[in-house]
Amino acid sequence: MEEKRDWLGMPDEIMGGMILQRLDAVEILTSVKKVCRDWRRICKDPEMWKIIEIILPINGRNRDIYQKLTKQVVHRSCGELIDISLHFYTTDDLFDHVSRCSCKLNCLRLTDCYRITPCGLSNARKRLPHLETLELYYFHIGKGEEIELIGRSCPQLMSFEMEIMCAGGDVYARAIAKSMPALRHLKLFGLMYDDNGVQAILDGCPHLESLDLRGCPYHDLDLDLDENLEKLCRERIIDFKYNISESEEDSDTD
């Protein structure tokens with residue numbers, strides 16, 4: 001007969017890891033801790049909250065409750081939070097709370113967080129000097145100067161991804177080139193540039209290992225690079241993409 005496994009007798013670090021791999025942070029806070037005394041004890045450990053993902057359904061109700069629960073989750077990390085992903089309906093107030101309570105944060109992802117204003121982003125970025133990875137998807141970015149301020153406030157930034165629908169991509173390209181010299185990975189999806197913007201990135205970010213500048217798939221617009229500049233990009237950068245069709249090729253090989 002197969003021996004039964006004692007799940008509750010497993011070490012805390014293994015049990016905690018198994019929970020985090022399967023559940024959203026709000027689920028852990030509202031449901032998992034109620035399972036038993038041992039799980040409730042594990043859920044109080046700041047180590048459980050070093051990596052947090054909060055997902056609010058687009059049409060979800062009780063948004064104020066989600067805001068409150070997110071603050072509780074961040075508070076439980078006791079300053080040990082290093083990686084957080086926030087999807088939908090994040091406000092300036094919530095983002096301010098995250099930045100104030102997360103001095104060790106090195107990875108931040110924000111998706112569809114339109115309620116974070118440029119001012120809110122500017123205030124928070126001053127408290128994130130250890131940030132190494134930043135991803136902004138469908139996010140409100142007003143001007144290139146705001147991107148430049150982020151870069152200067154986060155000197156350790158090595159990976160930056162941004163997706164917005166905008167024709168004036170050169171403004172953002174130059175801002176990145178001026179303020180993010182340590183970048184190894186850069187993805188700017190949905191923007192349009194000219195050769196000058198791409199050249200600025202090459203000059204300002206000499207350590208790039210991957211560069212993704214695919215244009216705007218919603219309007220079937222590809223980046224039309226000068227032949228010599230494209231050759232230079234491919235020689236200097238290990239993983240370089242700038243054509244929408246490359247996405248299709250990647251999918252075919254998966």
Side-chain angles (χ1 to χ4, degrees), residues 13 16-17 19-26 28-29 43 45-55 69-88 90-113 116 118 120-141 146-164 172 175-189 201 204-212 238-239:
E13 59 271 19
I19 296 171
L20 282 175
Q21 288 176 2
R22 290 166 171 79
L23 296 175
D24 158 280
V26 173
I28 297 173
L29 188 63
C43 288
D45 186 351
E47 288 292 316
M48 276 282 293
W49 308 102
K50 295 181 72 171
I51 300 176
I52 295 173
E53 182 172 20
I54 305 292
I55 302 174
L69 287 173
T70 302
K71 288 184 179 181
Q72 290 182 24
V73 169
V74 172
H75 179 71
R76 282 177 178 267
S77 72
C78 297
E80 295 300 315
L81 180 62
I82 60 172
D83 185 326
I84 188 168
S85 301
L86 300 174
H87 308 282
F88 306 114
T90 302
T91 62
D92 281 351
D93 176 65
L94 178 56
F95 191 40
D96 181 72
H97 181 82
V98 170
S99 65
R100 288 182 182 276
C101 299
S102 311
C103 61
K104 296 182 180 180
L105 195 67
N106 61 39
C107 184
L108 172 64
R109 301 177 189 85
L110 300 172
T111 303
D112 288 321
C113 295
I116 297 179
L121 179 62
S122 179
N123 290 335
R125 49 92 186 167
K126 302 173 185 176
R127 310 186 195 101
L128 303 174
H130 303 297
L131 206 63
E132 297 179 1
T133 298
L134 176 61
E135 299 176 11
L136 305 175
Y137 284 89
Y138 300 106
F139 193 84
H140 180 70
I141 295 291
E146 292 160 12
I147 293 296
E148 187 172 344
L149 288 174
I150 291 173
R152 297 196 185 285
S153 300
C154 307
Q156 298 183 36
L157 202 62
M158 292 191 294
S159 179
F160 181 57
E161 297 186 10
M162 182 172 69
E163 180 172 357
I164 57 175
Y172 299 102
I176 290 168
K178 289 180 181 178
S179 61
M180 302 181 185
L183 283 183
R184 265 64 175 178
H185 308 284
L186 175 61
K187 178 179 179 180
L188 300 176
F189 200 60
I201 291 174
C205 307
H207 306 293
L208 278 179
E209 299 171 8
S210 69
L211 177 61
D212 189 341
I238 298 172
D239 182 13

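The nearest pair of heavy atoms linking Ile147 to Tyr172 is CG1-CD2, 3.8 Å. The two residues His87 and Ser85 make their nearest non-hydrogen contact at NE2-CB, 3.7 Å. Of all non-hydrogen atoms in Pro155 and Ala182, the two that sit nearest each other are O-CB, 4.1 Å. Of all heavy-atom pairs between Ile51 and Leu81, the closest is N-CD1, 4.3 Å. Smallest separation of non-hydrogen atoms from Leu208 and His185: CD2-N, 3.9 Å.
Legend: residues meeting salt bridge (charged side-chain N to carboxylate O under 4.0 Å, His left out) with Arg184, ordered by chain and number and at least two apart, are absent. Under the salt bridge (charged side-chain N to carboxylate O under 4.0 Å, His left out) criterion, Asp83 pairs with Arg109, not counting sequence neighbours. Checked against salt bridge (charged side-chain N to carboxylate O under 4.0 Å, His left out), Glu132 has no partners two or more places apart in sequence or in another chain. Residues passing the side chain to side chain contact (heavy atoms under 4.5 Å, CB included) test with Asp212, sequence neighbours excluded: Lys187, Arg214, Lys241. For Ser159, there are no side-chain hydrogen bond (donor to acceptor under 3.5 Å, both in side chains) partners, not counting sequence neighbours.
To the nearest 0.5 Å, the span separating CD1 on Ile150 from CG on Leu128 amounts to 9.5 Å. Summarising the geometry, atom CG belonging to Leu131 is positioned 10.5 Å from atom CE belonging to Met158; distances are rounded to the nearest 0.5 Å. Rounding to the nearest 0.5 angstrom, the gap separating the CD atom in Glu209 from the CG atom in Leu183 is 11.0 Å. One finds the CD atom of Glu135 at 12.5 Å from the CE atom of Met162 (value rounded to the nearest 0.5 Å). Atom CD1 in Ile116 sits 4.5 Å away from atom CG in Leu110 (nearest 0.5 Å). Atoms OG1 and CG, from Thr70 and Leu94 in turn, are 5.5 Å apart once rounded to the nearest 0.5 Å.
Two residues are said to be in side-chain contact when any heavy atoms from C-beta on lie closer than 4.5 Å; Leu121 and Glu146 fail this criterion. Residues Lys71 and Asp93 have side chains in contact (heavy-atom distance under 4.5 Å, counting atoms from C-beta outward). Looking at Leu188 and Ile201, their side chains come closer than 4.5 Å, going by heavy atoms from C-beta outward.
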Where do Arg152 and Lys178 land on the side chain to side chain contact (heavy atoms under 4.5 Å, CB included) test, with the steps shown first? CA-CA 9 Å; Arg152 297 196 185 285; Lys178 289 180 181 178; 3.9 Å; yes

Only pairs under 3.5 Å count here: list side-chain donor-acceptor contacts from residues 98-106, not counting sequence neighbours, and write none if there are none.
from   : atom 1 : to     : atom 2 : distance (Å)
Ser99  : OG     : Phe95  : O      : 3.4
Ser99  : OG     : Asp96  : O      : 2.9
Ser99  : OG     : Arg127 : NH1    : 2.6
Arg100 : NE     : Asp96  : OD1    : 3.4
Arg100 : NE     : Asp96  : OD2    : 2.8
Ser102 : OG     : Val98  : O      : 2.7
Lys104 : NZ     : Glu80  : OE1    : 3.2
Lys104 : NZ     : Glu80  : OE2    : 3.0

